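Working notes, beginning with the structure itself.
From a predicted model like this one, the values you see are computed outputs, not experimental measurements. Atom set for the values below is all heavy atoms of this structure, side chains included, hydrogens, waters and symmetry mates excluded. Order of listing sets the numbers, starting from 1, for every ligand and every atom in it. Heads up: numbering here begins at 1 and tracks the sequence.
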Amino acid sequence: MYDGDVELGRNDECWCGSGKKYKKCHLEFDEKLEALAEAGEDVPPRALLKTPTEIARIKESAQVNVGVLDHVAERIQAGVTTEEIDQWVHDCTVKHGAIPAPLDYEGFPKSVCTSVNEVVCHGIPSPDEVLQDGDIVNVDCSTILDGYFSDSSRMFCIGNVSEEKRRLVEVTKEAVQVGLVQVKPWGHLGDVGAAVNAFAKEHGYSVVREFGGHGIGLEFHEDPFVSFVTRAGTGPVLVPGLMFTIEPMINMGRHRIDMSDPNGWTVRTKDGQPSAQWEVQLVVTEDGYELISW
Ligand code: MF3
Ligand code: CO
């Protein structure tokens, strides 16, 4: 049985916070979920579906997150250390009354992830790491505001970046758009990963398998795990209210990664070739999706 099942009477107030009677609000919706679950579909539990009130609060968090990324975009350039980026992110987030979600998250020591060139993800800002002309860098910002989470990341090209690396950055950005096109209510999450993977392959690139997107909103990382190497028509149903990130890591060379860095965080490509990533946060709606953070 669908595990988001609610014990509500038809005349009780709906669980969504609308103030309407259940029968006039989400009763039909819940019956649809129940039927899908009975038909063998993987239906996200109720706890993962955001109410309009929650979405509004999460958007306030995202407003800070997007502002922090804009702040980084205005100042990032050759000669800057990734430690300086960390300070910008930390100070800008705190100034807005929010908390940088990475700080102390499972022991992560900084406020932001900065992943340069062959670093796939989870790069740790350092005063010894100076951005050089020709580098590509992912800056991954996540914010907690009043307990609500937002998360998005962008790539930055530092100075004169080779045509080859610039193309990787652009194609990865397009891959996110290609994934977003697949976000349709009552579709499948696997459609997103299938489209992203096919698009990356068409361009001669490969997609990292071990890391992906995730549910988000009331926690930093919620279910579902969002893989970008899925098959279409598989995985959880894209139920309105489901909120998650699309954040493929795309490698210029092979998909294999190296997680042996003694710091326990920094992930690199095994072949040493560059990797790129863009991340957006969205919520599934009745007629498509709404971007929450970018
Ligand atoms: N921001 C990353 C994500 O997109 C998670 C980083 S976890 C950290 O999911 F601890 F490294 F910050
Ligand atoms: Co994320």
Out of curiosity, F211 CZ to F228 CZ, how far, rounded to the nearest 0.5 Å?
-> 13.0 Å
With only distance considered, is Y105 within less than 3.5 Å of ligand 1 through an N or O on each side?
-> no
How close does the nearest protein non-hydrogen atom get to atom 2 (C) of ligand 1, and which residue and atom is it?
-> D140 OD2, 3.3 Å
Consider ligand 1: state whether an atom of it lies below 4.0 angstrom from any non-hydrogen atom of E106.
-> no
Starting from atom 4 (O) of ligand 1, which protein heavy atom do you reach first, and at what distance in Å?
-> E247 OE1, 2.8 Å
Do any of the N/O/S atoms of D140, backbone or side chain, fall under 2.8 Å from the Co ion (ligand 2)?
-> no
With the Co ion (ligand 2) at the apex, how many degrees lie between NE2 of H214 and OE2 of E247, rounded to 10 degrees?
-> 80°
Audit row: D191, R231, salt bridge (Lys or Arg N to Asp or Glu O under 4.0 Å) steps and yes/no | CA-CA 7 Å; D191 301 349; R231 276 185 305 150; over 6 Å; no
Close N or O approach (W265, ligand 1; < 3.5 Å) | no
Roughly, to 10 degrees, what angle do D151 atom OD2 and E279 atom OE2 form around the Co ion (ligand 2)?
-> 80°
Ligand 1 versus T245: contacting region, heavy-atom distance under 4.0 Å | neither
Report, in ascending order of atom number, the atoms of ligand 1 lying under 4.0 Å from any heavy atom of E279.
-> 4 (O)
Are E290 and K59 close enough, and set up right, to give a salt bridge (Lys or Arg N to Asp or Glu O under 4.0 Å), and what steps lead you there?
-> CA-CA 11 Å; E290 184 179 359; K59 276 188 183 173; 2.6 Å; yes
Is D30 paired with R46 through a side-chain N to carboxylate O contact shorter than 4.0 Å?
-> yes
Does D271 pair with R256 as a salt bridge, N-O distance under 4.0 Å?
-> no
Would you say the side-chain atoms of T245 pair up with the backbone N or O of E247, donor to acceptor, closer than 3.5 Å?
-> no
Hey, what do you get for CG (L168) to CE (M252), rounding to the nearest 0.5 Å?
-> 5.0 Å
For F211 and ligand 1, answer yes if some heavy atom of the residue is under 4.0 Å from a ligand atom, otherwise no.
-> no
In this structure, atom 3 (C) of ligand 1 is nearest to the protein heavy atom D151 OD2, 3.3 Å
Closest protein heavy atom (residue, atom, distance) for atom 12 (F) of ligand 1 = P102 CB, 3.1 Å
Looking only at protein heavy atoms, identify the closest one to atom 9 (O) of ligand 1 and say how far it is in Å.
-> H221 NE2, 2.8 Å
Would you confirm whether K50, through its side chain, and L48, through its main-chain N or O, come within 3.5 Å as a donor-acceptor pair?
-> yes
Has the side chain of D135 got a donor or acceptor atom that lies under 3.5 Å from a matching backbone atom of Q132?
-> yes
